[in-house]
Amino acid sequence: MNILEEANDIVNLRSEEKERMYGPFNEGMERAALILSGMIGKEVDSDLMYKAMVALKLSRDSYNYKEDNILDAVAYLAAYNNKKSK
């Protein structure tokens, strides 16, 4: 399976077990944005959280290539695209 298919599985074909463990993808990003907003005292929206997570994964990859970092970055981009295209 290629990385795009894997990202699709993570974002769009998420198992019920993952959904129970981590919650809906976008809802998790919205919650993370609220938590970060409270931590830094500035409003952060879920759009920025998606972008920050992609940046984190690419930053990690700049130190040491791991396919998992790229897979996660692609999955965050796919989830962000789903959110924006609704």
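For the atom pair CG (L4) and CG (D9), the distance works out to 11.0 Å, reported to the nearest 0.5 Å. Residue S46 holds its OG atom at 12.0 Å from CG of L36, rounded to the nearest 0.5 Å. The CD atom of E5 sits 12.5 Å away from the CD1 atom of I10 when rounded to the nearest 0.5 Å.
Minimum heavy-atom separation, V54 to A73: CG2-O, 3.8 Å. Considering every non-hydrogen atom in both D61 and N69, the closest pair reads N-ND2, 3.8 Å. Nearest heavy atom pair, residue A33 against residue V44, reads CB-O, 3.3 Å. When all heavy atoms of A32 and M49 are compared, the closest pair comes out as CB-CE, 3.8 Å.
Side-chain contact annotation: Y50 with N26, donor-acceptor N/O pair under 3.5 Å present.
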Take K83 and M29 through the side-chain contact (heavy atoms from CB on, under 4.5 Å) test and state the conclusion after the steps. CA-CA 11 Å; K83 176 185 182 254; M29 286 302 226; over 6 Å; no
Starting from the C-alpha separation in whole Å, work towards a yes-or-no answer on side-chain contact (heavy atoms from CB on, under 4.5 Å) for Y76 and F25. CA-CA 9 Å; Y76 286 125; F25 211 106; 3.9 Å; yes
Is there a side-chain contact (heavy atoms from CB on, under 4.5 Å) between D72 and R60? Walk through the geometry before answering. CA-CA 11 Å; D72 288 348; R60 287 181 178 175; over 6 Å; no
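The local environment of CE in M21 is crowded, with over 12 non-hydrogen atoms from other residues, nucleotides or ligands closer than 6.0 Å.
Transitive grouping of hydrophobic side chains (ILVMFWY, heavy atoms separated by less than 4.5 Å) brings L77 and Y65 into a common cluster. Both L48 and I40 are members of a single hydrophobic cluster when ILVMFWY side chains are connected at heavy-atom separations under 4.5 Å. Using a 4.5 Å cut-off between side-chain heavy atoms of Ile, Leu, Val, Met, Phe, Trp and Tyr, with links allowed through other members, Y22 and M53 fall into different hydrophobic clusters.
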